[in-house]
J.: 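One structure, pasted below without further comment.
Positions are given from 1, in the same order as the sequence printed here. All of these numbers come straight from a predicted model, not from anything done at the bench.
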Amino acid sequence: MFNPILKKYADVLVNYSTAVKKDDLVIIYARGYIAQPLVKEIYKLCLKNGANPIVRTSMDELAELFIKHANEKQLQYIDEMSKIEVEKADVMIFIGAPSNIKNTANCDSKKLALRNKASHPILSRRLERSSNNELRWVIADYPTNALAQEANMSLEEYSEFLINSCYLDLDNPTQKWIEIDKEQKRIAKILNETSKLRIVGDKTDISFCTKDRTWVPCSGNMNFPDGEIFTSPVENSAQGKIYFDFPQNYQGSTAKEVYLELKDGKVINAKASVGNEFLNNMINLDEGASFVGEIAIGTNERIQSITGNILFDEKIGGSIHMALGASYPEAGGKNKSGLHWDLIKNLKEGGKIYADDKLIYENGKFII
């Protein structure tokens with residue numbers, strides 16, 4: 001990524017997504033060393049804004065080593081520094097730049113599940129502080145060969161894809177995201193006046209109660225790129241069946257042709273043509289993992305195909321995603337879990353969404 005784009009990217013993340021201000025404690029987490037150019041621009045802007053930035057970096061290889069060699073006690077250990085950071089930070093900026101996204105694909109899925117369960121209190125506290133407006137955070141990526149290969153693109157093609165998905169090709173991307181936010185809020189307002197959602201599509205007919213829950217419009221504040229409207233449905237309300245045609249990636253592993261049946265909010269049957277054992281291990285991770293933590297509608301029309309990267313894929317215009325596991329406090333969710341796995345479904349070919357039995361969405365488009 002060349003310098004003018006990097007400057008715009010950093011500006012959106014610092015001044016729009018997280019609104020970094022004087023005296024803020026900003027923790028910049030960089031996965032891998034490849035994103036150094038973007039991290040430097042973010043760091044510099046934070047300093048110019050009068051904030052106190054701290055950079056934390058990690059290596060992909062360590063995650064693999066940890067899962068393979070850690071014993072049960074070590075898998076359950078959460079260091080005190082991570083606990084302090086999630087309590088004290090005013091802003092967290094996560095930059096992903098993986099050199100290998102499959103580094104834990106062959107690791108024991110039960111050990112991965114145990115680690116996820118142990119890490120849940122950190123994630124839960126971050127979401128809690130965020131919902132209380134005590135913490136601003138954003139997740140973004142930097143193009144790498146690993147991400148490009150997963151998306152079946154060259155590095156140049158993937159870089160262009162990322163730039164376009166984020167509207168960084170525009171002179172003023174922040175203004176575009178403000179416009180997107182206005183439209184997202186319009187739709188969220190309509191959905192917040194309803195109490196039941198039903199999704200119909202290929203091998204799919206599933207309904208959720210959303211009464212007294214909040215639909216949240218997403219326009220670049222916590223994810224970048226963005227483009228979704230989500231809520232956390234009433235925990236025991238999901239009823240029906242749903243089929244996910246896209247490949248579903250989680251922590252370096254893949255499940256394909258995922259089919260779920262739910263009753264009283266809980267998954268009672270789960271199948272996948274590929275990754276079936278992994279799917280069921282994740283669903284059985286803890287008591288909350290088999291319940292729905294989120295239902296969302298993707299709205300980013302600049303993202304149209306699966307890339308293997310959930311940050312982008314869950315925003316595909318014309319798709320929905322349903323997350324198993326942890327719900328979002330700001331949406332009114334109460335489900336607790338160490339899992340939050342977004343499963344994505346294409347609705348562009350015959351898909352329909354009903355709100356209070358009124359058709360509001362058809363073939364990948366809102367009709368309200």
Side-chain angles (χ1 to χ4, degrees), residues 6 9-60 62-63 78-98 115-116 118-142 162 166 174 177 216 218-226 228 230 251 293-294 309-312 314-315 323 325-331 333 338 340 342:
L6 285 175
Y9 201 176
D11 179 70
V12 174
L13 295 176
V14 172
N15 292 318
Y16 171 73
S17 299
T18 56
V20 173
K21 62 183 187 297
K22 184 180 179 182
D23 296 329
D24 276 344
L25 172 58
V26 182
I27 305 179
I28 305 164
Y29 297 92
R31 177 185 173 183
Y33 63 90
I34 304 172
Q36 285 186 50
L38 177 59
V39 171
K40 288 177 183 177
E41 291 294 336
I42 292 170
Y43 187 81
K44 182 166 61 177
L45 273 182
C46 289
L47 289 172
K48 287 184 175 181
N49 286 7
N52 301 297
I54 298 171
V55 177
R56 299 278 186 260
T57 60
S58 64
M59 295 185 291
D60 286 340
L62 297 185
I78 301 298
D79 67 276
E80 293 302 313
M81 293 306 299
S82 294
K83 296 176 184 177
I84 292 170
E85 287 177 356
V86 80
E87 290 292 342
K88 298 296 184 181
D90 299 297
V91 173
M92 290 180 167
I93 300 175
F94 301 87
I95 303 298
R115 182 59 181 173
N116 285 343
S119 302
H120 170 64
I122 296 292
L123 172 61
S124 179
R125 183 57 180 148
R126 172 157 63 90
L127 295 176
E128 182 182 15
R129 290 194 65 222
S130 175
S131 68
N132 293 333
N133 296 315
E134 299 170 1
L135 172 68
R136 288 107 61 204
W137 58 273
V138 68
I139 299 172
D141 274 350
Y142 188 87
L162 184 151
C166 298
T174 293
W177 284 105
V216 180
C218 300
S219 312
N221 297 110
M222 295 179 185
N223 285 187
F224 200 77
D226 218 333
E228 67 171 293
F230 76 87
Q251 294 191 337
E294 176 193 12
N309 183 349
I310 191 61
L311 180 63
F312 293 82
E314 67 175 2
K315 317 302 191 317
S327 59
Y328 290 106
E330 65 265 40
H340 184 91
D342 294 297

J.: Hey, what do you get for CZ (Phe224) to OG1 (Thr18), rounding to the nearest 0.5 Å?
T.: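 If we round to the nearest 0.5 Å, Phe224:CZ and Thr18:OG1 are 11.0 Å apart.
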J.: Rounded to the nearest 0.5 Å, what separation is found between the CD atom of Gln36 and the OH atom of Tyr142?
T.: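 Spacing of CD (Gln36) from OH (Tyr142) equals 9.5 Å.
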J.: Assess, by modelled atom type and distance only, whether the side chains of Asn132 and Glu330 contain a donor and an acceptor separated by less than 3.5 Å.
T.: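 No, no side-chain donor-acceptor pair sits under 3.5 Å.
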J.: How about Val14 and Tyr43: do any of their side-chain heavy atoms sit closer than 4.5 Å?
T.: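 Val14 vs Tyr43: side chains apart.
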J.: Is His340 reaching over with its side chain to a backbone N or O of Ala326, donor-acceptor style, under 3.5 angstrom?
T.: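 Yes; at least one donor-acceptor contact below 3.5 Å.
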J.: Looking at Ala35 and Ala97, what are the two nearest heavy atoms and their distance?
T.: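 Nearest heavy atoms, Ala35 then Ala97: CB-CB, 3.6 Å.
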J.: Any non-hydrogen side-chain atom of Ile95 less than 4.5 Å from a side-chain atom of Arg31?
T.: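 No; the side chains remain at least 4.5 Å from each other.
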J.: Side-chain contact, heavy-atom cut-off 4.5 Å: Leu311 with Ile139?
T.: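 Result yes, sub-4.5 Å side-chain heavy-atom pair found.
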J.: Please say which of Met81, Arg126, Glu128 ends up in a side chain to side chain contact (heavy atoms under 4.5 Å, CB included) with Val86.
T.: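 Answer to the side chain to side chain contact (heavy atoms under 4.5 Å, CB included) test with Val86 among Met81, Arg126, Glu128: Arg126.
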J.: Could you walk me through whether Ile93 and Ile27 pass side chain to side chain contact (heavy atoms under 4.5 Å, CB included), step by step?
T.: CA-CA 6 Å; Ile93 300 175; Ile27 305 179; over 6 Å; no
J.: Contact between Thr57 and Val55 at the side-chain level, heavy atoms closer than 4.5 Å - yes or no?
T.: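 In contact.
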J.: For residues Asn309 and Asp141, determine if any side-chain heavy atom of one lies less than 4.5 Å from a side-chain heavy atom of the other.
T.: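 Yes, side chains in contact.
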J.: Flag the pair Tyr33 / Ser58 as yes when at least one side-chain heavy-atom distance between them is below 4.5 Å, and no otherwise.
T.: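 A side-chain contact under 4.5 Å is absent here.
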J.: Working note: Glu314 + Asn223, criterion side chain to side chain contact (heavy atoms under 4.5 Å, CB included); need CA distance, chi angles, decisive distance, verdict.
T.: CA-CA 11 Å; Glu314 67 175 2; Asn223 285 187; 3.1 Å; yes
J.: Donor-acceptor pair, Trp177 side chain versus Cys166 backbone, under 3.5 Å?
T.: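 Yes: the side chain of Trp177 pairs with the backbone of Cys166.
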J.: In the structure I gave you, are the side-chain heavy atoms of Asp226 and Cys218 within less than 4.5 Å of one another anywhere?
T.: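 Side-chain contact under 4.5 Å: yes.
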J.: Would a distance-only check, ignoring hydrogens and angles, find a side-chain to backbone donor-acceptor pair under 3.5 Å from Asp79 to Ser82?
T.: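 Such a contact is found between Asp79 side chain and Ser82 backbone.
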J.: Would you please name every residue forming a side chain to side chain contact (heavy atoms under 4.5 Å, CB included) with Ala10, sequence neighbours left out?
T.: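 Ala10 satisfies side chain to side chain contact (heavy atoms under 4.5 Å, CB included) with Leu38, Glu41, Ile42, Leu45 once adjacent residues are dropped.
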J.: With distance as the sole criterion, is a donor-acceptor pair present between the side chains of Lys21 and Asn49 under 3.5 Å?
T.: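 No donor-acceptor contact under 3.5 Å links the two side chains.
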J.: Test side chain to side chain contact (heavy atoms under 4.5 Å, CB included) on Ile28 and Val26 and set out the steps.
T.: CA-CA 6 Å; Ile28 305 164; Val26 182; 4.1 Å; yes
J.: For a quick test of reading the model, state the closest non-hydrogen atom pair linking Ala51 to Val20 and the distance between them.
T.: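 Smallest interatomic distance, heavy atoms only, reads CB-CG1, 3.5 Å.
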J.: Can you name the ring-ring contact (aromatic ring centres under 6.0 Å, His included) partners of Phe230, sequence neighbours left out?
T.: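 Only Tyr328 meet the ring-ring contact (aromatic ring centres under 6.0 Å, His included) criterion with Phe230.
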J.: Check Ser219 against Tyr16 and note the closest heavy-atom contact, atom names and distance.
T.: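 So the two residues come closest at O-OH, 2.7 Å.
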J.: Does Leu127 form a side chain to side chain contact (heavy atoms under 4.5 Å, CB included) with Trp137? I'd like the steps, not just the answer.
T.: CA-CA 10 Å; Leu127 295 176; Trp137 58 273; 4.0 Å; yes
J.: Atom CD of Gln251 and atom CD1 of Ile310: how far apart are they, to the nearest 0.5 Å?
T.: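 If we round to the nearest 0.5 Å, Gln251:CD and Ile310:CD1 are 12.5 Å apart.
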J.: Which residues pass the side chain to side chain contact (heavy atoms under 4.5 Å, CB included) test with Asp90, sequence neighbours left out?
T.: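 For Asp90 the side chain to side chain contact (heavy atoms under 4.5 Å, CB included) partners, ignoring immediate neighbours, are Asp24, Leu25, Arg136.
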J.: Check Ser130 against Met222 and note the closest heavy-atom contact, atom names and distance.
T.: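 Minimum heavy-atom separation between Ser130 and Met222: OG-CE, 3.1 Å.
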J.: Roughly how far apart are Glu85 CD and Leu135 CG, rounded to 0.5 Å?
T.: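 One finds 11.5 Å between CD of Glu85 and CG of Leu135.
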J.: Given side chains that start at C-beta, do those of Lys83 and Ile78 come closer than 4.5 Å, heavy atoms only?
T.: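 Lys83 reaches Ile78 side chain to side chain.
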J.: May I ask you to decide if Arg115's main-chain N or O and Ser119's side chain share a donor-acceptor pair within less than 3.5 Å?
T.: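 Yes; judged by distance alone, with no hydrogens or angles, the pair exists.
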J.: Measure the CG-CG distance between Leu13 and Asn221 for me, rounded to the nearest 0.5 Å.
T.: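 Between atom CG of Leu13 and atom CG of Asn221 there are 11.0 Å.
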J.: How long is the span from the CD atom in Glu87 to the CZ atom in Arg129, to the nearest 0.5 Å?
T.: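 Answer rounded to 0.5 Å: 6.0 Å.
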